[in-house]
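In what follows, a single structure is set out as structure tokens and then discussed.
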Amino acid sequence: MRTIYTNGTIYTMDPQTPQATALAIENGRILAVGDTEEIRLQYGRADVEEINLGGATVLPGLIDNHLHVSNHGIKLSTLDFTTAKSTAEMLKMLREWVIRVPQGEWVHGVGWNENQFSDRRIPTLQELNEAAPNHPVLLNRVCNHAYLANSPAFERTGITASTSDPADGSYGRDAGGALNGMIYENASRPLQDAIPKKSRAELKDSLRRGIKHALASGLTGVHTEDLRYLDGFDNTWNLYRELVVEEDLRLRSNLLIYYPFLDELKATGLTTGDGDEWVNIGALKIFADGAMGGRTALMTLPYSDAQNTYGTAILPQEELNRIAAAGAAYGMPIAVHAIGDGAADMVLEAMEKNPVAGHRQRLIHAQVLRPEQITRMQKLGDKLALDLQPRFVTSDYPWVLERIAPELHKTSYAWKTLLDAGLLCGGGSDAPIEPIEPLLGLHAAITRSGYQPEQRLTAYEAVQLFTVGGTYATREEEVKGTITPGKFADLTILDRNIMTEHPDVILETNVIRTVIGGKTVYEK
């Protein structure tokens, strides 16, 4: 089947034909790109559908290089504190929510961020107990690396002041050693395990919501890590196949495999690159450290606002190297969460020791770096891809400047520096940590909310992050990322020209059509 799109403002991201006004699609692929009259003359027929774009802006299908689609879908129906502007407002939202929950049942909330509060204060254990005296409560910070719990939650899971901290996390305590309600990193595991599991039908509904929101946001492809939320590899794989293929939701999905599930993956015989154009296997996902919000990102210099704190190494170096070696032996590159420069040191060592032929290793976030680490990355060359989250600037500034040692400011959140160094960079949201909408990521990359203006990207560079950049980690440059004959007919169509208008216009721009494999999957 053939379709032509005419009278558009098309940015192909292909240097050979940078702009066009029309394109032709056949059998899910780009057939031709050119001006409207030329495309009509060559490909217009009575049986060919013509879609008149009326001047709308067309980009190659936008790709999110790192997010959690299912967890985003779960968030859409969960107690969400993203809009809370103060401690009092957060507690009010909790009180209003628990009224609807039977006594004794767990209350799980997400998205609180004390750095966005007017008082910049975290609720106390006593305040949580007063707001929810009859329910065990676990509230994830926006970063998902720090948590709050009330006394009923600690009692339900047997955690007391005498409970030892695990090696990969800790419990917050007051000056006298009593629990204060805070939990860091994997010390949250007993509480998370105590929350009743969702049924398969509930998980499928959550994933469906996440996928549909991604499509409405203009995304045509995702690199997503879901095994922790969807009950393992088999269930994750089957749910994506049922929704993307059988229900024809079509979101091209590269599934990162959280490393504890490697044996489950091996049992299927699948490895990185296996699958099809719709659902395929990605890299082996690992966490090297935590996040800036809870001061668990691993740094080589102490936090400026907590001089005895350097962050948390989720794994010792030897274990990180061992996992990377196990992945390499099975033909899988690693994709490692590393926010602090201390974590980046660990990850680069593991990557240097364990290359995987035919694949690229992935450094996720690359938020705080030292200049010599950028040089070290350059030496890895074509074997390394970086997953960047431009929206982190919007969320973390200005408070992060009080937290990071001044010596590291220049190479923190330094997207322009990384691009100029010739590193292969892709853009993502880390949803539900940040909003899933890629347009918000583009705006953040271009404006940086006024911070470190030397690191601003041009509109073209920003769009590259979310198009061509989305192909690097999976080595799919030949089939995605540009509007080029022969490539997948994946398009994101907007009602404003974000390439030429003021960057703030992006905040008013709407996705009017999302096309994947030549088929419209969302239309406003």
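Numbers here simply count residues along the sequence, with the first being 1.
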For this session: Compute the centroid of each ring, for H337 and then for H145, and state whether the two points are separated by less than 6.0 Å.
Result: yes
For this session: Using the test side chain to side chain contact (heavy atoms under 4.5 Å, CB included), find all partners of K383 that sit at least two apart in sequence or belong to another chain.
Result: none
Problem set entry | Residue pairs passing the salt bridge (charged side-chain N to carboxylate O under 4.0 Å, His left out) test where at least one lies in residues 515-524, sequence neighbours excluded | D248-K519, R513-E523
Problem set entry | Under the salt bridge (charged side-chain N to carboxylate O under 4.0 Å, His left out) test, residues paired with K487 that sit two or more places apart | none
Exercise. What residue pairs, at least two apart or across chains, pass salt bridge (charged side-chain N to carboxylate O under 4.0 Å, His left out) with a residue in residues 355-368?
Worked result: R360-D382, R360-E477, R362-D387
Problem set entry | ring pair (Phe, Tyr, Trp, His ring centres under 6.0 Å) partners of H359, counting only residues at least two apart | none
Problem set entry | For A167, all residues meeting side chain to side chain contact (heavy atoms under 4.5 Å, CB included), sequence neighbours excluded | none
Exercise. Side chains of T272 and D274: does their closest heavy-atom pair fall under 4.5 Å?
Worked result: no
Atom pairs and distances, donor-acceptor, side-chain atoms in residues 279-287, under 3.5 Å, two or more places apart:
from	atom 1	to	atom 2	distance (Å)
N280	OD1	N254	ND2	2.7
N280	ND2	D276	O	3.0
K285	NZ	E225	OE1	3.3

Exercise. Which pairs, with at least one residue in residues 428-445 and sequence neighbours excluded, count as a salt bridge (charged side-chain N to carboxylate O under 4.0 Å, His left out)?
Worked result: R391-E434
For this session: Can you sort out the partners of K266 under salt bridge (charged side-chain N to carboxylate O under 4.0 Å, His left out), two or more places apart, ordered by chain and number?
Result: none
Problem set entry | side chain to side chain contact (heavy atoms under 4.5 Å, CB included) against A214, all qualifying residues, sequence neighbours excluded | L219, L251, I436
Exercise. Taking the inter-plane angle between the rings of F392 and H365 on a 0 to 90° scale, is it parallel (under 30°), tilted (30 to 60°) or perpendicular (over 60°)?
Worked result: tilted
Exercise. With side chains defined as the heavy atoms from C-beta onward, is the minimum distance between T12 and T484 less than 4.5 Å?
Worked result: no
Problem set entry | With sequence neighbours excluded, residues passing salt bridge (charged side-chain N to carboxylate O under 4.0 Å, His left out) with E264 | none
For this session: List for me each residue that meets salt bridge (charged side-chain N to carboxylate O under 4.0 Å, His left out) alongside E242, sequence neighbours excluded, and say none if there are none.
Result: R200, K204
For this session: Could you tell me how the ring of H66 sits relative to the ring of H68: parallel (under 30°), tilted (30 to 60°) or perpendicular (over 60°)?
Result: perpendicular
